[in-house]
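Computed from heavy atoms alone, side chains included, the values below leave out hydrogens, waters and symmetry copies.
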Amino acid sequence: MEHPLNIYNTLTRKKEQFIPLHEPHVGMYVCGPTVYGDAHLGHARPAITFDLLFRYLTHLGYKVRYVRNITDVGHLEHDADDGEDKIAKKARLEQLEPMEVVQYYLNRYHQAMDALNVLPPSIEPHASGHIIEQIELVKKILDNGYAYESQGSVYFDVEKYNKDHKYGILSGRNIEDMLNTTRALDGQDEKHNAIDFALWKCAQPEHIMRWPSPWSDGFPGWHCECTAMGKKYLGEHFDIHGGGMDLIFPHHECEIAQAVASQGDDMVHYWMHNNMITINGQKMGKSLGNFITLEQFFTGDHPSLQQAYSAMTIRFFILQAHYRSTVDFSNEALQAAEKGLSRLMEAYKKLQQINPFLSESTVTDSISGLREKCYVAMNDDLNTPIIIAHLSNVVRIINSLWEEKEKISTSELQELNYTFELFLFDILGLKQDNILREEKDTFNNIMNLIVQLRKQAKEQKNWTTADYIRDQLSLYGIEIQDTKNGVEWKIKK
């Protein structure tokens with residue numbers, strides 16, 4: 001590979017050169033959403049982070065099978081083993097079938113991802129569609145002696161597993177510390193130890209999401225789905241498993257234990273985790289009730305928002321920070337991102353209008369090696385802030401070329417165009433056709449002027465002009481209507 005990619009492996013806690021186990025094929029599994037509510041900014045970050053990786057690996061020539069799961073059963077309200085199923089609770093409150101809830105919010109999630117220009121995964125399996133695979137996984141773990149049945153449920157025996165292997169290798173947690181802090185709970189429930197986690201839960205009579213199994217009518221534990229579906233679609237060994245860092249413990253730690261207990265070794269070569277979106281220093285999420293949905297960002301309909309923000313502004317805001325660093329939400333930060341994105345997009349538009357000078361150039365030193373610099377940044381653990389900085393540094397040169405203060409050769413102009421399109425659009429995934437705030441304001445002002453001119457024509461009984469304005473706007477895809485509350489206009493869909 002011409003450009004070796006070094007990515008941070010959460011398991012080894014260092015950057016390692018990415019060498020796929022099945023070169024040139026790459027298997028990538030990313031934990032997707034639990035679909036019981038609208039997607040928020042915290043959901044956008046892993047989606048954008050691994051979309052970036054998906055795009056870049058594809059660009060480098062790998063054939064990527066990207067699996068992103070949908071959790072639609074087994075994610076309980078209090079923790080992984082206790083409480084009511086989040087989707088079942090939503091269904092009960094809204095008097096819907098659980099799968100109606102899932103489909104409604106999944107449709108909205110997909111709409112938000114489309115707006116953010118997140119490419120669809122190769123496969124998007126649902127936990128509820130892979131109950132058989134999860135039951136088979138539990139059977140193997142039981143057969144290998146690392147689980148036990150209790151009152152119709154099946155639990156993973158963490159202490160026994162730790163004697164043969166090591167529990168806590170991903171999170172760095174010490175099982176002795178965990179046992180010491182939880183020992184007082186022993187005997188108070190059906191687990192041998194409070195740190196044991198459910199592989200299969202016996203459903204209570206009121207639980208509406210249940211399936212038959214050798215142990216009881218019930219449902220799989222939350223951690224089982226990713227191990228079972230990863231193995232089904234990517235095999236017993238695959239290259240990358242990703243998600244938010246809040247999943248390191250317990251979810252991904254339990255996944256490693258399940259894989260080793262069922263097949264003797266871990267399935268995953270690289271573990272990658274993006275950091276959190278915070279608001280006032282706290283993680284943004286549904287559990288804390290401090291989240292802002294993506295729809296609210298797009299409309300501005302939230303008390304914490306001073307204005308609406310486009311989907312591309314949100315994407316750019318997230319890409320401005322390295323994926324392993326925290327990002328704290330603020331209106332000031334989003335407004336700065338909006339300006340930064342507008343500056344890059346305007347520069348690209350100007351780039352299309354620049355005329356080259358066959359072989360003469362005054363900017364060679366300023367733009368030399370730009371593409372290679374961007375590759376170096378991407379290969380250094382997907383360092384998107386550096387790429388944005390490199391592209392932003394060239395904006396001044398583009399402005400000078402556009403004003404004809406500098407000269408550029410034909411070959412250099414072609415290279416500059418290619419580099420901008422490759423990194424800004426293809427790899428960072430930003431969209432050129434995004435209407436920025438300044439353009440929206442200008443368009444609205446022009447439309448208000450046209451409406452006012454039509455109103456004056458009608459007041460003067462100049463029906464020909466009034467109708468002409470209406471008909472011409474219709475040809476351009478703008479519908480204008482006279483209502484009792486005044487004139488309304490909208491862009492036709």
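Annotation: Phe329 is not in aromatic contact with Phe317 [ring centroid separation under 6.0 Å not met]. Not less than 6.0 angstrom separates the ring centroid of Phe50 from the ring centroid of His273.
A salt bridge is defined here as a Lys NZ or Arg NE, NH1 or NH2 lying under 4.0 Å from an Asp or Glu carboxylate O, and Asp381 with Arg324 meets this definition. Ion pairing of Glu415 with Arg371 is present here, as a side-chain N (NZ or NE/NH1/NH2) and a carboxylate O approach within less than 4.0 Å. Comment: Arg470 does not engage Asp482 in a salt bridge, judged by the lack of any side-chain N to carboxylate O separation of less than 4.0 angstrom.
The aromatic rings of His241 and Tyr29 sit tilted relative to each other, their planes meeting at an angle between 30° and 60°. Ring orientation note: the planes of Trp271 and His252 are tilted relative to one another, at an angle of 30° to 60°. Using cut-offs of 30° and 60° for the angle between ring planes, the Tyr109 and His43 rings count as perpendicular.
With sequence neighbours excluded, the residues forming a ring pair (Phe, Tyr, Trp, His ring centres under 6.0 Å) with Phe425 are Tyr348, listed by chain and number. Residues passing the ring pair (Phe, Tyr, Trp, His ring centres under 6.0 Å) test with His269: none are found, sequence neighbours excluded. Residues that satisfy the ring pair (Phe, Tyr, Trp, His ring centres under 6.0 Å) test with His126, not counting sequence neighbours, are absent from this structure.
Not a single donor-acceptor pair under 3.5 Å links the side chain of Thr465 to the backbone N or O of Ala457.
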Exercise. Apply side chain to side chain donor-acceptor pair (under 3.5 Å) to the pair Thr293 and Gln296, showing each step before the final yes or no.
Key: CA-CA 5 Å; Thr293 70; Gln296 288 169 328; 3.2 Å; yes
Quiz item: Which is it for Leu401 and Val363 under the side chain to side chain contact (heavy atoms under 4.5 Å, CB included) test, yes or no, and what are the steps along the way?
Solution: CA-CA 9 Å; Leu401 290 166; Val363 297; 4.2 Å; yes
Self-check item: Test side chain to side chain contact (heavy atoms under 4.5 Å, CB included) applied to Met378 and Asn383, step by step
Solution: CA-CA 5 Å; Met378 274 303 293; Asn383 203 330; over 6 Å; no
Exercise. Given side chain to side chain contact (heavy atoms under 4.5 Å, CB included), test Leu334 with Glu338 step by step and report yes or no.
Key: CA-CA 6 Å; Leu334 278 167; Glu338 187 174 65; over 6 Å; no
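With contacts defined as side-chain heavy-atom distances shorter than 4.5 Å, the pair Tyr323/Tyr8 qualifies. Under the 4.5 Å side-chain criterion, counting only non-hydrogen atoms from C-beta, Arg68 is not in contact with Phe54. Between Tyr56 and Tyr62, the closest side-chain pair of non-hydrogen atoms is not below 4.5 Å.
A cation-pi contact, defined as under 6.0 Å to the ring centre and within 45° of the axis, links Lys407 to Phe357.
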